A.B. asks: 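Below is the structure I would like to discuss, written out as structure tokens.
Lettering of chains follows the sequences in order, A, B, ..., and the numbering in each one begins at 1. These values consider heavy atoms only, across backbone and side chains, with no hydrogens, waters or symmetry-generated copies. All values derive from a computational prediction rather than experimental measurement.
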Protein chains: 2
Amino acid sequence: MRYLSSIRYIDAVVKAGSIRAAADTLAITSTALNRRILAMEEELGVPIFERLPHGVRLSAAGEIYIHHIRNQLSDMERVKSQIADLSGVRRGHVSIACSQALLPYFLPSQIALYRKEHPNVTFGVHLRDREAAEQALVDHSADLAIVFEPVRLADFMTLIRVRQPVHVVMAAGHPLAAKTSVRLFECASYPVSLPTAPYGVRHLLDIAMRVAGIRLDPVIQSDSFEFLRNHAVAEDILTFQIPIGLGDETSTGQMVSRPIDSRDVPSGILYLGQLKGRTLPVAAARFAAQLTSTLANQFEVS
Amino acid sequence: MRYLSSIRYIDAVVKAGSIRAAADTLAITSTALNRRILAMEEELGVPIFERLPHGVRLSAAGEIYIHHIRNQLSDMERVKSQIADLSGVRRGHVSIACSQALLPYFLPSQIALYRKEHPNVTFGVHLRDREAAEQALVDHSADLAIVFEPVRLADFMTLIRVRQPVHVVMAAGHPLAAKTSVRLFECASYPVSLPTAPYGVRHLLDIAMRVAGIRLDPVIQSDSFEFLRNHAVAEDILTFQIPIGLGDETSTGQMVSRPIDSRDVPSGILYLGQLKGRTLPVAAARFAAQLTSTLANQFEVS
DNA sequence: CGGGGCGCTGCAATAACTGCAGCAGGGCAT
DNA sequence: ATGCCCTGCTGCAGTTATTGCAGCGCCCCG
């Protein structure tokens, strides 16, 4: 789409932070790029960028304008995918920002399932904490976001919410594995590991401990759920995760998980959402529909 | 905005129905326009238009694309007005589609009030029946719509709803003018005039007559509310209108209006709305805010 | 069965854009 | 302070894209 090149150039300059740097990534000379930007600013009547000694930065007007540009560019993608869709081809790209719990089991199986039907659709999966995931939607670097216990929800349009009770994860031989449901105070008798503070599971546990007056002193803290899971088995300690991240690993025999009694720790909520007010490309919309139905079937809708 | 000329050209072709006709309105040759369209179709990979012997028509892909184009163009207007707004200038244009009742009193006074604050904002007021008003929102020929008893509300985002009880309008000397509220059966004793079928007032009255088993045989039918109002005074017959269209004409002495008892005819509802999912230009948004507050103060919110 | 509308295509003139080289200016390490 | 590097910006020349003028073939309508 050549008539969009000007605004794509501006987008590149914003991303690169300088005209010359952007010109490199765009494979044109800085002269041409500079002139186009000057022309755009001329037409707009106000400067888009502030000129700094080491590059350029968006002006106030530019902030408004770049928003419009990103909207246009990704809406154009949607249009192209819709047009491709009505000529029978199912192509496209789906970009997802999600938290760790989705990576080990849920997303791989869901993407595989979708690509079995539509092999020409490509995927991008980006690990983002709950705040960065929303930011990814805003700057159009992701079509969908899946986050656990999101902080703020401005610009976020929820497609489905499912309950995720916190589970305690342990080696199969652990004493607590004999129970079907575990009380929080029972965990206090054993060594535990916890995710670091910014994560939703930790957040729920912190509140629960404060309310119940129980202290769990973690012998291990980590920001990797995968490490916590594997270490729990290796050293026979407890850790805490949500069921969507525990696919069928718990059925292999090495590792088991048991829900914590909901009187102690309330269920967290997992959100699937998109940018508010945006019409998703066909592929992303269909994949979101698949996720919605799978989530609704596998978990309790909140 | 020169980089938008291509898509503006396409929009013009859609509106004109043929390339040559559009070229005239755009003050360019049909050659240039034709070539740009061919180039766009080349880039898009599919034809935007179907070629007919007497012009062109949108293809299926074109339908999708023109939607995107109109969005882009009017979103650009919004961006420009927002940018103008932050540099302190209050410019812009507000286009309104509304039904007849708004024309005599309400909109003139509201627009005058607004323009007193912002003299650089221009207005377009377009008379549209309740279905055409919504269509005007969809094709971006109007920013706001004010309609009485709308038929369908897809794509319509309601900003405010106010009750509009049907009033009977008559000359000051009419016997019914002595009452503060009028029952429907009382009207049956006098000659009446009615709006024609497609209008909301007529619709409400038709239902009321059927329910109450009363027949009002109109000696005059007209699609002009202004004519009905003036004729009611001239020939001393009754007619029916909603209060928002009766500003202060009724206080000049020539003409009076009295509400019909709500047991007989339920209140109609007047809707102020915009296109769903659209961010309005600053001027339109501010004017809508003014309308909302005025309506909320003068009438009963529904 | 012409006439007038339509979309489309060579060809030449024009307008727009790009790239090269070089300018001034500000931060940074010597 | 002083080169050095990177920044945005500008004349000039070459190149590319766009436009307008005729003119072609087409189909509907009278």
A.B. asks: Ignoring hydrogens and angles, tell me if any N or O in the side chain of B/Ser59 forms a donor-acceptor pair with the backbone of B/Pro47 under 3.5 Å.
C.D. replies: yes

A.B. asks: Could you tell me whether A/Glu43 atom CD has more than 12 heavy atoms of other residues or ligands within 6.0 Å of it?
C.D. replies: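 Enclosed: over 12 neighbouring heavy atoms sit under 6.0 Å from CD of A/Glu43.
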
A.B. asks: Given the structure, check if the side chain of A/Arg20 and the base of D/dG8 hold any donor-acceptor pair shorter than 3.5 Å.
C.D. replies: yes

A.B. asks: For A/Glu42, does the CD atom have more than 12 heavy-atom neighbours from other residues, nucleotides or ligands under 6.0 Å away?
C.D. replies: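 Counting other residues, nucleotides and ligands, CD of A/Glu42 stays at 12 neighbours or fewer.
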
A.B. asks: For A/Arg2 and C/dC17, give me the distance from atom CZ to atom P, rounded to whole Å.
C.D. replies: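 Nearest whole value for this atom pair: 11 Å.
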
A.B. asks: Let me know the distance between CZ of B/Arg57 and P of C/dG7, rounded to the nearest Å.
C.D. replies: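 So the CZ-P distance, B/Arg57 to C/dG7, works out to 14 Å.
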
A.B. asks: So, B/Ser95 side chain and B/Ser141 main chain: donor-acceptor pair closer than 3.5 Å or not?
C.D. replies: yes

A.B. asks: Surrounding NE2 of A/His67 (heavy atoms of other residues, nucleotides or ligands, distance under 6.0 Å), is the total greater than 12?
C.D. replies: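 Open.
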
A.B. asks: Give me the residues of residues 30-42 of chain A where at least one heavy atom lies under 4.0 Å from an atom of DNA chain D, by number, or none.
C.D. replies: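 Going residue by residue through residues 30-42 of chain A, the ones with a heavy atom under 4.0 Å of DNA chain D turn out to be A/Thr31, A/Asn34, A/Arg35, A/Leu38.
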
A.B. asks: Does either side chain, that of A/Gln221 or that of A/Arg202, offer a donor lying less than 3.5 Å from an acceptor on the other one?
C.D. replies: yes

A.B. asks: Could you state the atom-to-atom distance from CD of B/Glu50 to C1' of C/dG7 in whole Å?
C.D. replies: 14 Å

A.B. asks: For DNA chain C, whose closest nucleotide is more 5', that of A/Tyr9 or that of A/His54?
C.D. replies: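 Its nucleotide being nearer the 5' end, the pick is A/Tyr9.
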
A.B. asks: Identify, between B/Ala27 and A/Ile19, the residue whose nearest nucleotide on DNA chain D lies closer to the 5' end.
C.D. replies: A/Ile19

A.B. asks: So, is B/Arg51 close to the C/dC8 phosphate, meaning a side-chain N or O under 4.0 Å from OP1 or OP2?
C.D. replies: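 Affirmative; the distance criterion is met.
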
A.B. asks: So if I take every side-chain heavy atom of B/Pro53 and compare against C/dC8, D/dC27, C/dC20, which nucleotide ends up nearest?
C.D. replies: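 Nearest nucleotide to the side chain: D/dC27.
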
A.B. asks: Roughly how many Å is it from CG in B/Leu52 to P in D/dC29, rounded to a whole number?
C.D. replies: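 Rounded to the whole Å, the gap is 12 Å.
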
